[in-house]
Amino acid sequence: MTKEAKCELGMIGLGVMGRNLLLNMADHGYSVAGYDKDSAKVQNLQKETEARSIFAADNLKDLVRHLRRPRVLMLLVPAGSPVDSVIHDLESLLNPGDLIIDGGNSYFRDTERRSSELKKKDLSFMGVGISGGEHGARNGPSIMPGGPKEAYERVKPIFEAIAAKVGQKPCVAYLGPGSAGHYVKMVHNGIEYGVMQLIAESFHLMKQSMGLSDDRLHSIYEQWNRTELSSYLVEITAAIFSQKDDRTGKNLVDVILDEARQKGTGLWTSQEAMTLGVPLPTVDLAVMMRQLSDLKDSRVTASRINDNVGRAFQGDQETFIEQIRNALYAAMLITYSQGMSLLRVASDTYKYNLKLEDIARIWQGGCIIRAAMLENIRIAYEAKPDLRSLLLDTGIVEDIFDRQQHLRIVVQVAVELAIPIPGLSVSLSYMDGYRSPWLPANLIQAQRDFFGAHSYERVDAAGVFHTEWREE
Ligand code: 6PG
């Protein structure tokens with residue numbers, strides 16, 4: 001590309017995500033520019049500029065100079081202080097009306113702060129969630145944009161071109177003002193944690209109680225992925241069980257340490273749900289189990305004191321495997337339901353005006369939690385956009401209830417065999433709790449009033465009451 005040509009978008013951060021998104025844009029006919037403070041990454045991009053309309057910039061000033069005005073800049077840098085520092089460096093180089101897009105996994109409160117700070121300087125700011133990992137970025141991610149509507153209109157053609165497509169429709173939609181996009185991406189990741197935990201529990205059960213081989217597990221998940229359980233995470237799970245380790249020739253999964261790391265988006269989702277008072281137990285448990293997995297040394301020591309866990313299953317294996325498949329489906333649907341309920345409350349709290357139908361649609365392609373069941377979820381919100389919970393939708397409830405007996409059996413068996421399945425079990429209890437017209441919270445109210453004079457409400461009269469309880 002000649003130095004004079006003006007690019008439509010400038011990418012800052014040429015790591016896997018930034019570079020792949022940029023190449024994706026160029027493949028769709030957009031002239032783009034890229035910059036990274038790591039010159040090796042810029043040189044790497046330089047190699048791609050031959051046949052495409054790409055400019056590789058040596059410094060930020062050069063990048064900005066090559067952009068058409070009003071400028072559009074996209075940041076794909078690590079969340080946190082790197083985003084603030086790039087914005088700081090950019091400010092003196094930009095003009096009023098220019099647009100900065102943060103495409104990373106930023107914390108939504110940071111996005112809110114940056115939006116208002118930049119607004120004061122007449123700069124537009126969007127927080128955009130992008131899901132799909134390196135493959136998605138290159139070939140079609142799911143894009144979750146938030147920020148000023150007029151800013152979205154400027155980048156809509158690019159986003160629609162590069163996004164994954166389901167049917168003819170691109171997996172992108174304007175979600176709402178301010179931090180709406182990053183909020184939705186955070187909840188996406190929370191659901192991702194929950195579903196990963198549930199699949200891991202299905203694996204734990206099949207491996208430990210029946211001793212299934214990796215080959216067998218590969219074909220089970222592959223077969224499950226051809227059913228209504230079809231989803232990206234089940235698909236990659238099947239693939240994982242057939243991957244060999246280059247170093248040892250063993251199955252790779254068996255030489256990977258059983259300690260799961262986390263960058264924090266699942267924890268943010270749980271903390272946020274607690275703050276808003278929305279139950280999100282499957283995600284909470286998923287975060288907790290990653291923390292428990294991290295206590296490897298203690299787990300090994302404790303197992304030496306009492307290792308009475310993970311006993312063998314004695315019944316019919318084929319029947320049990322089918323029950324696990326149904327249990328996983330029901331628990332996954334309950335997890336999506338929890339996440340959507342959080343979005344419903346957040347939409348009111350933060351005035352995002354989210355359209356949950358759109359979210360269920362754009363999550364059907366490109367992203368990590370894409371799954372066939374999202375179409376049923378979309379249909380539920382199409383019929384009732386303000387649905388407080390998917391557990392109030394007849395179609396979804398039937399979908400779960402057809403399988404709930406199997407979820408119950410699987411939880412029972414796992415408890416008897418002493419195999420930890422907190423995600424499956426808490427999903428079941430959440431559903432049972434949600435449809436309980438009565439819960440024992442009256443006793444909790446009585447206890448609070450007993451020891452702390454915190455008062456209680458009555459079923460037969462309005463107002464608050466206190467009793468001088470008698471200690472025996
Ligand atoms: C995605 C992923 C992506 C990232 C996760 C990993 O949607 O493409 O969610 O954003 O891989 O944030 O999260 P943890 O490191 O916390 O598991």
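All figures in this text were calculated on a predicted structure; none of them were measured in a lab.
In terms of the side-chain hydrogen bond (donor to acceptor under 3.5 Å, both in side chains) criterion, D246 has no residue partners (sequence neighbours excluded). Taking the side-chain hydrogen bond (donor to acceptor under 3.5 Å, both in side chains) definition, one finds that N105 meets it with K185, sequence neighbours left out. Taking A79 as the reference, S106 meet the side chain to side chain contact (heavy atoms under 4.5 Å, CB included) condition, with sequence neighbours excluded. In this view, A164 and C171 satisfy the side chain to side chain contact (heavy atoms under 4.5 Å, CB included) rule, not counting sequence neighbours. Applying the salt bridge (Lys or Arg N to Asp or Glu O under 4.0 Å) test to K296 and every residue at least two apart in sequence or in another chain returns D258. Not counting sequence neighbours, Y193 has no partner by the ring-ring contact (aromatic ring centres under 6.0 Å, His included) test. Here E192 pairs with nothing under the side-chain hydrogen bond (donor to acceptor under 3.5 Å, both in side chains) rule; sequence neighbours left out. A search for side-chain hydrogen bond (donor to acceptor under 3.5 Å, both in side chains) contacts involving E259 returns R261, not counting sequence neighbours. Shown here are the side chain to side chain contact (heavy atoms under 4.5 Å, CB included) partners of D36, two or more places apart in sequence or in another chain: L14, D38, K41, V42. Remark: Y381 engages no residue in a ring-ring contact (aromatic ring centres under 6.0 Å, His included) (not counting sequence neighbours).
For Y434 and S337, the side-chain atoms include no donor-acceptor pair closer than 3.5 Å. Side-chain atoms of N376 and D399 form a donor-acceptor pair, as typed in the model, at a separation below 3.5 Å. Using modelled atom types, one finds no donor on one side chain facing an acceptor on the other under 3.5 Å when comparing S179 with R109.
Applying the ring pair (Phe, Tyr, Trp, His ring centres under 6.0 Å) test to pairs two or more places apart or on separate chains, those with a residue in residues 101-143 are Y107-W268, F108-Y183, F108-Y350. Screening residues 7-38 for ring pair (Phe, Tyr, Trp, His ring centres under 6.0 Å) gives no qualifying pairs among residues at least two apart or on separate chains.
The aromatic rings of H188 and W363 stand perpendicular to each other, their planes meeting at an angle above 60°, with 30° marking the opposite boundary.
Electrostatic pairing of D84 and R114 counts as a salt bridge here, judged by a charged N lying under 4.0 Å from a carboxylate O.
For the pair K149 and Y174, the cation-pi criterion (under 6.0 Å, within 45° of the ring axis) is fulfilled.
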